[in-house]
Amino acid sequence: MKICVLVKEVPDAAVQKRIDLATGRMDRSGERNLNPYDTHAIEAAMQIKEGGVLEIDEIVAVTMGPSTAVRALHKAVSLGADRSVHLSDDALAGSDVAATGYALAEALRREAPDIVLLGQQSDDGECYTVGAVVADHLEMPSLTQVIKLDVEPAADGVPARLLCERQAEYGYDTVAVELPAVISVGDAINEPRYPSLKAIMGAKKKRLDTLSAADADLDPTKIGGEHSGARWTAAKAPPKKAAGEIIEDEDTAETVDQIVAWLAERKLI
Amino acid sequence: MSKDILVYALHYDGAFNKNSLGAVSEAVRLAGELGGEAKAIVVGETASTELCASLGHYGATKVYRVAGPEGLAQPVVDAMAQVVRAEGIGYAVFGGGLLGFEIGAGLAARLDAGVAMEVTGIRVEDGRLIAERPILGDTAISEISYRSDVGIVIARLNAFEIAPAGDGEAEVEDVAVEFSAFSTRATMISRGEQRGADVDIEGADILVAGGRGLGRAEGFELCEALAAALGSNSAVAATRAVVDAGWYPYAAQIGQTGKTVAPKLYLAAGISGAIQHKVGMQGAENVVAINKDANAPIFEFSDLGVIGDLNKILPKLTEALKSRAG
Ligand SMILES: Cc1cc2nc3c(=O)[nH]c(=O)nc-3n(C[C@H](O)[C@H](O)[C@H](O)COP(=O)(O)OP(=O)(O)OC[C@H]3O[C@@H](n4cnc5c(N)ncnc54)[C@H](O)[C@@H]3O)c2cc1C
Ligand SMILES: Nc1ncnc2c1ncn2[C@@H]1O[C@H](COP(=O)(O)O)[C@@H](O)[C@H]1O
């Protein structure tokens with residue numbers, strides 16, 4: 001069986017979320033890295049493989065993004081993927097989630113995976129929806145935000161199933177999903193392992209296929225910013241909220257006095 | 001684009017989700033401006049005619065009722081795609097939560113439709129809808145218009161107010177849907193399990209909320225001691241991260257798939273301030289945050305931000321409040 005893991009390169013959170021306390025603004029320039037949520041998807045793939053209930057021949061990391069995105073693939077391989085696929089084409093730039101999901105689904109179709117795993121959200125996209133789009137194109141059952149995943153082997157003509165738990169609007173749901181399936185995992189599902197030095201060194205030597213839009217047989221009228229159904233027109237600043245007070249804790253007794261005074265002033269205590 | 005709007009109305013245990021009702025109200029307002037109608041779709045085994053018709057109280061003219069599994073997205077995608085095509089619907093609208101994201105995204109794929117998520121506002125311009133979505137940790141708001149035949153709007157939690165519109169009933173029409181083969185390959189085993197104690201956080205004036213920064217389940221003792229020192233109308237709340245980890249009950253969770261609260265004081269300890277958490281506590285009058293990371297997003301929406309280690313600050317704060325009271 002084959003597991004494909006969707007991974008994305010995003011601005012590095014540690015660098016990205018730098019706030020200028022004077023202006024309250026975020027500085028988003030700087031490093032890019034593997035979306036931290038996707039490391040949980042790779043770890044989930046590794047655990048399914050190591051669990052041995054299903055015989056997993058291969059774990060393939062798949063990304064869509066500019067040339068720099070190969071770094072996310074190398075990271076994914078260092079964390080356990082056997083090889084990777086990079087869908088990259090200028091024509092894909094500016095794709096919305098629907099177009100992104102379509103393109104990823106076509107790249108995945110070539111691989112014919114039994115399980116597709118994703119992260120709970122991309123750190124920059126904040127959509128948590130790519131999985132649902134991909135699943136519809138691949139015509140596979142799907143679930144997002146899964147925090148527990150047990151594998152049930154195929155038996156008596158019933159295909160193998162994943163028993164998935166996730167939190168939805170009314171509490172925790174348990175859903176049985178037949179393979180092949182698309183599952184996005186929540187960050188509570190596991191503690192991703194650290195890559196070994198050997199794995200980091202070896203990552204660049206593993207097979208990496210680069211696909212153009214044509215290679216993946218993408219319909220050119222369905223991809224890129226120009227063809228996305230949702231058009232992002234303008235951006236404006238949100239209503240300005242007065243900046244809060246900030247205390248840096250140096251002397252905790254003093255800090256506590258300040259907090260108590262602040263609460264008392266507002267008659268909260 | 002057609003001017004009719006179809007809202008997915010999520011129901012559970014005999015009642016509609018508040019976010020779905022807000023979405024119906026918003027659709028009614030928008031359809032009024034567009035010159036169309038706001039309709040709703042209900043999918044389930046247990047939706048009574050009376051329940052479905054009650055969407056008329058919020059202004060929906062028609063409700064399509066589809067018999068199908070509850071709590072799963074893909075059967076609803078099948079149902080909505082069928083109704084949108086058959087009835088020539090222009091827009092599909094979802095209230096905030098989780099299922100709406102899965103359904104809305106699946107529907108976008110199925111109908112080749114543009115989709116905007118985390119939407120906080122919608123307006124009509126030149127006879128079409130324009131959605132507003134905050135991005136980059138709410139530091140900017142982008143505007144989205146649709147060039148597809150159908151436009152899909154997935155709202156952020158609590159984005160739209162519920163507006164009662166009299167006691168007229170909506171017409172209920174049963175629609176038979178043949179589900180896609182893959183939609184039937186996921187089955188609900190159990191739904192809505194409440195993990196942990198049944199605590200009440202909605203009535204409290206003061207909430208001490210704890211997150212992953214507490215380090216372990218026992219870390220919540222610090223929050224409980226502080227809440228006790230803050231008086232009898234205080235309670236302890238939590239983030240999804242710690243509820244998923246089993247450190248604290250689900251009933252105490254604030255956010256997108258938890259509770260929405262508006263206490264007088266919300267004091268966060270070891271919480272980063274993710275959007276999905278923020279949407280459940282934005283209505284708090286006063287927000288105090290203790291976090292050791294000066295770059296934590298929560299400082300962008302706190303009235304008092306304390307950069308420091310909660311393990312040092314919480315016990316001393318509790319002591320100070322106790323001695324003040326005593
Ligand atoms: C569809 C969806 C729905 C979701 N629904 C919800 C929801 O309903 N509610 C919700 O809360 N989340 C929800 N989430 C999850 C949300 O995105 C965040 O992952 C979650 O809120 C993070 O919880 P946290 O702040 O406890 O943990 P983290 O983000 O890990 O933050 C921990 C913080 O603690 C700080 N810290 C660590 N140690 C210390 C110390 N010693 N002293 C002080 N500070 C310390 C760190 O600096 C960090 O900022 C949802 C996500 C998705 C995708
Ligand atoms: N461009 C992309 N390439 C590969 N995977 C992606 C891409 N965008 C999103 N994903 C996957 O989809 C998940 C959810 O992302 P999103 O829906 O953007 O929040 C991520 O955690 C990734 O696993």
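Computed over heavy atoms, backbone and side chain alike; hydrogens, waters and symmetry mates excluded. First the proteins, then the strands, lettered A, B, ... as listed; each starts at 1.
With a 4.5 angstrom heavy-atom cutoff, B:Ser190 touches chain A via backbone and side-chain atoms both. Contact of B:Ile141 with chain A is made through backbone and side chain together, with heavy-atom distances under 4.5 Å. Looking at B:Leu230, only its side chain comes within 4.5 Å of chain A, counting heavy atoms on both sides. B:Ser183 does not touch chain A: none of its heavy atoms, backbone or side chain, sits under 4.5 Å away. Only the side chain of A:Ile147 comes within less than 4.5 Å of a heavy atom in chain B; its backbone stays farther off. Contacts between A:Leu163 and chain B at a heavy-atom distance below 4.5 Å involve the side chain alone, from C-beta outward. Both the backbone and the side chain of B:Phe101 come within less than 4.5 Å of a heavy atom of chain A. For chain B, the nearby parts of A:Trp232 are the backbone and the side chain; heavy atoms of each come within less than 4.5 Å. Of the atoms belonging to A:Thr255, it is side-chain heavy atoms, and not backbone ones, that fall under 4.5 Å from chain B. Heavy atoms closer than 4.5 Å to chain A are found in the side chain of B:Glu118, but not in its backbone. For chain A, the nearby part of B:Met117 is the side chain; its heavy atoms alone come within less than 4.5 Å. There is no contact between B:Val150 and chain A, counting heavy-atom distances below 4.5 Å. Heavy-atom distances place the backbone of B:Ala113, and not its side chain, under 4.5 Å from chain A. Of the atoms belonging to A:Val133, heavy atoms from both backbone and side chain fall under 4.5 Å from chain B. For a residue to count as touching a neighbouring chain, one of its non-hydrogen atoms must lie under 4.5 Å from one of that chain's; by this rule B:Leu72 touches chain A with the side chain only. For a residue to count as touching a neighbouring chain, one of its non-hydrogen atoms must lie under 4.5 Å from one of that chain's; by this rule A:Gln145 touches chain B with the side chain only. B:Gln253 touches chain A through its side chain: at least one heavy atom from C-beta onward sits under 4.5 Å away, while N, CA, C and O do not. Using a 4.5 Å cut-off between heavy atoms, B:Gln276 contacts chain A through its side chain alone, with no backbone atom that close.
A distance-only check finds no donor-acceptor pair linking the side chain of B:Arg123 to the backbone of B:Glu132 [under 3.5 Å]. In this structure a side-chain-to-backbone donor-acceptor pair under 3.5 Å is missing from A:Tyr37 to A:Asp123. Listed for the B:Lys292 side chain is no donor-acceptor partner under 3.5 Å among the backbone atoms of B:Leu310.
No more than 12 heavy atoms of other residues, nucleotides or ligands lie within 6.0 Å of NZ in B:Lys264, so this atom counts as exposed by the packing criterion. The number of heavy-atom neighbours closer than 6.0 Å to CG of B:Asp309, taken from other residues, nucleotides and ligands shown, is above 12. The 12-atom threshold is exceeded at CZ of A:Arg266, counting heavy atoms of other residues, nucleotides or ligands nearer than 6.0 Å. A:Lys222 NZ: more than 12 foreign heavy atoms inside a 6.0 Å radius.
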Discussion item. Please determine whether side chain to side chain donor-acceptor pair (under 3.5 Å) holds for the pair B:Asp78 and B:Ser180, giving the CA-CA distance in whole Å, both sets of side-chain angles, and the decisive distance to 0.1 Å.
Written reply: CA-CA 7 Å; B:Asp78 291 336; B:Ser180 314; 2.7 Å; yes
Item to complete: For B:Lys312 and A:Asp249, run side-chain contact (heavy atoms from CB on, under 4.5 Å): C-alpha distance rounded to whole Å, both residues' side-chain angles, the deciding distance at 0.1 Å, then the answer.
Response: CA-CA 9 Å; B:Lys312 278 163 57 185; A:Asp249 179 39; 4.1 Å; yes
Worksheet item: Yes or no on side-chain contact (heavy atoms from CB on, under 4.5 Å) for B:Tyr146 and B:Val153, after CA distance, side-chain angles and deciding distance?
Response: CA-CA 10 Å; B:Tyr146 299 93; B:Val153 180; 3.3 Å; yes
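Ranked by heavy-atom pairs under 4.5 Å with chain A, the list B:Asp149, B:Val243, B:Ile275, B:Ile135 is led by B:Val243. With respect to chain A, the highest number of heavy-atom pairs below 4.5 Å among B:Asp112, B:Thr120, B:Ile206 belongs to B:Asp112. The choice from B:Val288, B:Asp205, B:Leu10 that makes the most heavy-atom pairs within less than 4.5 Å of chain A is B:Leu10. Of the residues considered (A:Glu250, A:Glu226, A:Gln121), A:Glu226 shows the highest number of contacts with chain B, using heavy-atom pairs under 4.5 Å. Options A:Gly244, A:Ala264, A:Gly171 differ in how many heavy-atom pairs under 4.5 Å they form with chain B, and the most are formed by A:Gly171. Heavy-atom pairs under 4.5 Å with chain B peak, among A:Ala135, A:Gly131, A:Ala242, A:Ser228, at A:Ser228. Your options are A:Leu179, A:Val177, A:Val175, A:Thr174, and the one with the most heavy-atom pairs under 4.5 Å with chain B is A:Thr174. Heavy-atom pairs under 4.5 Å with chain B peak, among A:Ala168, A:Ala99, A:Gly229, at A:Gly229. Ranking A:Pro180, A:Cys164, A:Pro159 against chain B, the residue ahead of the rest is A:Pro180, based on heavy-atom pairs under 4.5 Å. Of all the listed residues (B:Arg133, B:Arg147, B:Glu143, B:Glu193), the one sharing the greatest number of non-hydrogen pairs under 4.5 Å with chain A is B:Arg147. Of the listed residues (B:Ala108, B:Gly114, B:Ser145, B:Ala325), the one with the most heavy-atom contacts under 4.5 Å to chain A is B:Ser145. Among B:Ala186, B:Gly104, B:Gly308, the residue making the largest number of heavy-atom pairs under 4.5 Å with chain A is B:Ala186.
Against chain B, the residues from residues 181-188 of chain A that qualify, each with a non-hydrogen atom under 4.5 angstrom away, are A:Asp187, A:Ala188 in number order.
Under the 3.5 Å distance criterion, with hydrogens and angles disregarded, no donor-acceptor pair is assigned to the side chains of A:Tyr102 and A:Asp219. A donor-acceptor contact closer than 3.5 angstrom links the side chains of A:Glu43 and A:Gln47. Remark: the A:Tyr128 side chain and the B:Gln256 side chain contain an N/O donor-acceptor pair separated by less than 3.5 Å. Side-chain contact of B:Arg110 with B:Gln74: a donor-acceptor pair under 3.5 Å is absent, judged by distance alone. Between the side chains of B:Asp293 and B:Asn291, no donor N or O sits under 3.5 Å from an acceptor N or O. Side-chain polar atoms of A:Gln167 and B:Thr257 form a donor-acceptor pair below 3.5 angstrom.
The cationic atom of B:Arg195 (NZ for Lys, CZ for Arg) lies less than 6.0 Å from the six-membered ring centre of A:Tyr172 and within 45° of the ring axis.
We find that B:Arg156 and B:Asp138 are joined by a salt bridge, their nearest charged nitrogen and carboxylate oxygen being less than 4.0 Å apart. Between B:Glu319 and B:Lys316 no salt bridge is recorded (no basic side-chain N to carboxylate O distance below 4.0 Å).
Ring pair A:Tyr170/B:Tyr12 is parallel by interplanar angle, where below 30° counts as parallel and above 60° as perpendicular.
B:Thr239 pairs by the side chain to side chain contact (heavy atoms under 4.5 Å, CB included) definition with B:Ala241, B:Val242, B:Ile271, B:His277, not counting sequence neighbours.
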